[in-house]
Amino acid sequence: MTNAPDSAPASDFIRDRIRADLASGKVQQVVTRFPPEPNGYLHLGHAKAITLGFSIAKEFGGRCNLRMDDTNPAAEDQEYVDAIKADVRWLGFEWDAMYYAADYFDQIYAWAEQLVQKGLAYVDDQDADAIAASRGTLTAPGKNSPCRDRSPAENLQLLRDMKAGKFADGQKVLRAKIDMAHANLNMRDPVMYRIRHMHHQRTGDRWCIYPMYDWAHGQSDSIEGITHSLCTLEFEHHRPLYDWFCDSLGIEKPQQIEFARLNVEYMLTSKRKLLLLVEGKHVDGWDDPRLPTLRGLRRRGYPPQALVAFCKHVGVAKFNSTHEIGLLEFHVRDWLNKNALRRMAVLDPVRLVIDNWPAGEVEMVDAQNNPEDQNAGTRKVPFAGELLIEREDFMENPPKDFFRLAPGREVRLRFGYFVKCTGVDKDAAGNITTIRCTYDPTTKGGNAPDGRKVKATIHWVSAAHALDAEVRLFEHLFTSPDPASADGGDFLKLLNPRSKRVVRGKLEPSLRDAKGGEAFQFERVGYFYCDDQDSKAGAPVFHRTVSLKDSWQKAQQKGGK
RNA sequence: UACCCCGUGGUGUAAUCGGUAGCACAGCAGGUUUUGGUCCUGUUGGUUCCUGGUUCGAGUCCAGGCGGGGUAACCA
């Protein structure tokens with residue numbers, strides 16, 4: 001990889017802090033965790049957090065846990081738990097321990113009673129609206145609840161009654177007793193427990209009160225002995241509360257450190273917005289290759305190694321920023337270039353006939369599987385007198401800097417022969433139906449014995465042997481690099497109508513045996529992924545992962561229109 | 001109009017105890033090449049948000065300003 005290797009550990013404010021904690025003896029062994037809520041699928045933003053958490057643990061010889069932050073049964077589901085585990089493993093990480101916040105419910109509850117007995121928490125009878133109304137605003141202080149001064153004994157009884165199911169949903173709530181005038185609204189007597197007579201995917205019907213995030217997260221971290229609790233910037237204002245709970249309980253207090261979440265051009269990484277795209281059928285499900293979900297990226301053909309390399313390269317800071325999608329694509333190409341087998345495929349075919357080719361003869365030519373990897377070997381590809389080439393590789397009246405086929409020009413057919421264009425056949429409408437050529441039999445394999453050179457090598461496929469297959473061409477899902485800040489928040493207006501195009505390609509026959517999950521480079525075109533979802537035996541379906549860099553096209557766009 | 005966080009080339013990120021800015025991607029130019037891919041080489045971009053201050057010396061410390069982001073769920 002071209003990015004910083006593991007031998008030269010990254011330096012950033014988090015790692016600096018960890019080094020300092022290790023040096024001072026505050027921390028013996030680093031323990032981190034990735035704590036997703038199982039209420040949705042993981043996306044690229046999570047990949048950054050996962051890469052960070054696991055990489056740091058590894059770099060410092062520590063451990064990293066995977067913990068389901070499953071404290072709200074309303075939105076969570078076992079399906080997501082399974083999907084999250086699979087996605088983390090797909091990225092290439094393995095947790096040292098798998099935990100569930102729900103498994104800590106007994107301990108967390110015991111701690112709640114402790115706080116009540118210390119006079120640091122109370123049961124409030126107010127409903128949600130009343131609590132919201134009395135919380136005050138960003139500029140005005142809140143008002144104390146009429147229940148705020150209940151005695152510890154009464155509060156304890158009430159809390160036990162809550163736990164025992166004596167109250168209906170929303171009837172009572174347990175609150176921390178901090179300061180209703182605090183500048184940080186999170187400190188204005190935050191709710192710790194709410195009543196939810198609801199089945200939990202892990203604890204079943206054992207509980208009818210569930211802890212809020214703030215009242216479960218830090219405690220879970222503490223139980224697991226997390227040393228550095230990494231999270232995104234929006235939790236900064238929660239840190240005082242995180243600390244307050246641990247301090248009030250007198251338990252081990254992990255260090256919460258916040259970092260900026262990952263933003264990438266043309267991508268949306270908000271569970272809510274992704275949900276709108278999926279439910280509104282603007283994409284074909286959570287694993288649509290145009291989505292930044294890990295499952296979508298997988299089906300797009302983005303190698304996990306490339307994603308991780310990207311996440312490492314991106315670094316970590318406290319400044320919100322948006323990365324160019326080109327950087328992601330660089331890492332994808334970088335990995336695929338070294339690992340993807342080369343094949344030939346013509347996506348927009350035009351017929352090419354070699355007039356002096358021996359009638360009916362088919363020759364099997366040797367083709368390299370990967371010039372970047374000599375161990376990849378070679379394969380045989382059928383070559384014949386009637387071929388298909390890419391329409392854009394021929395021009396009847398080419399500009400001077402067009403190197404490909406044109407009347408009177410000679411080019412190399414990759415791994416085949418030199419051919420010279422002698423003319424074209426057209427239909428009544430003037431469209432080119434056939435490009436006529438002659439070949440030089442002495443240039444077998446692509447080299448001329450007389451040493452003459454050609455300026456271009458183009459790819460081809462034998463018309464009689466070509467595999468007709470579905471190829472899906474993807475582009476950015478949005479027309480704007482920043483769909484999140486769409487006019488009036490309506491990012492749906494920015495959907496790119498060309499984000500998915502389906503074509504029938506003409507592929508070299510060996511691709512008939514492509515298996516779902518395999519990645520190829522269609523020479524001179526791009527990287528393609530054999531979709532494991534829709535491919536059938538003998539009928540593979542390919543997804544364009546990313547195109548090859550095309551300096552010819554770039555020059556065209558710059559010069560012309 | 002409260003509080004918190006942040007502000008380095010186009011993008012992102014780095015710079016030991018303060019010693020005059022590095023890397024990657026992108027861009028540009030050239031070379032190699034049976035992919036106008038890869039690879040190699042060279043190269044253009046920064047008054048480190050602004051203004052003051054401390055200092056022999058500040059991206060790094062201090063003050064003020066400007067700009068960006070975040071926060072008012074019985075969500076996480």
Side-chain angles (χ1 to χ4, degrees), chain A residues 2-4 10-12 35-37 39-40 69-72 74-76 124 126-129 131-132 135-142 169-175 182-186 188 190-196 209-210 212-214 216-217 231-240 258 260 265 271 313-331 333-334 337-338 342 344 367-368 371-372 401-404 411-416 418 443 445-447 453-459 521-526 547-555:
Chain A
T2 47
N3 60 315
S11 177
D12 53 59
E37 181 187 17
N39 70 342
D69 214 350
D70 53 354
T71 58
N72 182 6
E76 297 154 8
D124 197 342
Q126 298 184 106
D127 62 22
D129 290 340
I131 289 177
R135 182 159 26 236
T137 68
L138 292 175
T139 51
D169 287 4
Q171 203 176 132
K172 296 215 182 317
V173 96
L174 181 72
R175 289 229 256 171
H182 200 108
N184 181 341
L185 305 234
N186 289 127
R188 320 242 262 226
V191 172
M192 294 167 63
Y193 272 111
R194 76 284 218 182
I195 300 173
R196 286 255 187 296
I209 57 173
Y210 291 95
M212 299 288 290
Y213 166 83
D214 289 303
H217 201 88
C231 62
T232 46
L233 251 31
E234 61 268 31
F235 290 100
E236 264 173 338
H237 328 59
H238 290 254
R239 185 167 10 108
E258 312 85 10
E265 290 177 341
K271 278 184 185 173
H313 184 114
V314 145
V316 39
K318 297 194 73 127
F319 182 64
N320 277 306
S321 57
T322 301
H323 289 76
E324 291 177 338
I325 197 160
L327 184 64
L328 211 208
E329 293 177 340
F330 162 79
H331 285 286
R333 290 192 183 104
D334 192 47
N337 175 52
K338 297 183 183 78
R342 313 288 125 125
M344 289 196 284
Q368 240 183 330
E372 301 294 314
D401 55 349
F402 182 81
F403 303 152
R404 280 106 98 151
V411 299
R412 171 169 38 234
L413 291 175
R414 179 137 238 236
F415 306 126
F418 282 12
T443 57
N447 285 305
K453 304 286 186 198
V454 288
K455 297 205 77 170
T457 299
I458 65 175
H459 59 101
Q521 180 195 107
F522 288 177
E523 296 221 23
R524 304 208 307 129
V525 179
S547 62
L548 246 29
K549 286 213 289 194
D550 189 344
S551 52
W552 162 244
Q553 192 187 60
K554 198 163 72 181

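Residue numbers start from 1 in every chain, and the chains themselves are labelled A, B, ... in the order their sequence lines are given, proteins ahead of strands. What you see is a predicted model; the values in this text were computed from it and never measured.
- Between A:Arg333 and the phosphate of B:U35, there is no side-chain N or O to OP1/OP2 separation shorter than 4.0 Å.
- Side-chain proximity of A:Leu548 to B:A76, B:A26, B:U35: nearest is B:U35.
- Closest contact between the side chain of A:Glu324 and the listed nucleotides B:U35, B:A24, B:C25 involves B:C25.
- Nucleic acid contact class of A:Gly315 (heavy atoms, under 4.0 Å, all strands): none.
- Counting any heavy atom pair closer than 4.0 Å across all strands shown, A:Pro36 reaches no nucleic acid atom.
- The main-chain N or O of A:Glu234 is never found under 3.5 Å from a side-chain atom of A:Thr232 such that the two would form a donor-acceptor pair.
- Side-chain polar atoms of A:His237 and A:Asn184 form no donor-acceptor pair below 3.5 angstrom.
- Residue-level contact check: A:Gln368 touches neither bases nor backbone, having no heavy atom under 4.0 Å from any strand.
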Can you tabulate the close N/O pairs, meaning under 3.5 Å, that link protein atoms to atoms of nucleotides 14-20 of chain B?
unit_1 : atom_1 : unit_2  : atom_2 : d
B:A15  : OP1    : A:Ser11 : OG     : 3.2

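- Each of B:C75, B:A73, B:U38 was ranked by its minimum atom distance to the side chain of A:Lys549; first place goes to B:U38.
- OP1 or OP2 of B:C75 sits under 4.0 Å from a side-chain N or O of A:Arg194.
- Using a 4.0 Å heavy-atom cutoff across all strands shown, A:Ile131 reaches at least one base atom of the nucleic acid.
- A close approach under 4.0 Å does occur between a side-chain nitrogen or oxygen of A:Thr71 and OP1 or OP2 of B:A76.
- Checking the phosphate oxygens (OP1, OP2) of B:U13, a side-chain nitrogen or oxygen of A:Ser321 falls inside 4.0 Å.
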Quiz item: Under a 3.5 Å cutoff on both atom distances, Watson-Crick or G-U, what's the dot-bracket for RNA chain B ([ ] crossing, | other strand)?
Solution: .((((((..((((........)))).(((((.......))))).....(((((.......))))))))))).....

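- B:G12 and B:G18 have their C1' atoms separated by 26 Å, with the value rounded to a whole Å.
- Base engagement by A:Glu523 is indicated by at least one non-hydrogen atom pair under 4.0 Å involving a base atom.
- Annotated as syn: B:G45, whose O4'-C1'-N torsion sits within 90° of 0.
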Just the table, please: protein N/O against nucleotides 2-6 of chain B N/O, every pair under 3.5 Å.
unit_1 : atom_1 : unit_2   : atom_2 : d
B:A2   : N3     : A:Leu138 : O      : 3.1
B:C5   : O2'    : A:Glu236 : OE2    : 3.2

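- As judged by a 4.0 angstrom heavy-atom cut-off over every strand, A:Phe522 is placed among residues making no nucleic acid contact.
- Checking the phosphate oxygens (OP1, OP2) of B:C75, no side-chain nitrogen or oxygen of A:Lys271 falls inside 4.0 Å.
- For the P atoms, the distance linking B:G10 with B:U44 amounts to 15 Å, nearest Å.
- On the C1' atoms, B:G64 is 15 Å away from B:U54, given to the nearest whole Å.
- Relative to the side chain of A:Val173, the nucleotides B:G12, B:U35, B:C74 differ in distance, and B:C74 lies closest.
- A:Glu329 comes within 4.0 angstrom of no nucleic acid atom, judged by non-hydrogen atoms across all strands.
- Here, B:U43 and B:G70 have their C1' atoms 41 Å apart, quoted to the whole Å.
- Closest to the A:Asn72 side chain, of the nucleotides B:C75, B:A26, B:C74, is B:C75.
- Within the 4.0 Å cut-off from OP1 or OP2 of B:C28, at least one side-chain nitrogen or oxygen of A:Lys554 is found.
- Ring pair A:Phe403/A:Trp552: centre-to-centre distance not below 6.0 Å.
- Remark: A:Asp334 engages A:Lys338 in a salt bridge, criterion side-chain N to carboxylate O under 4.0 Å.
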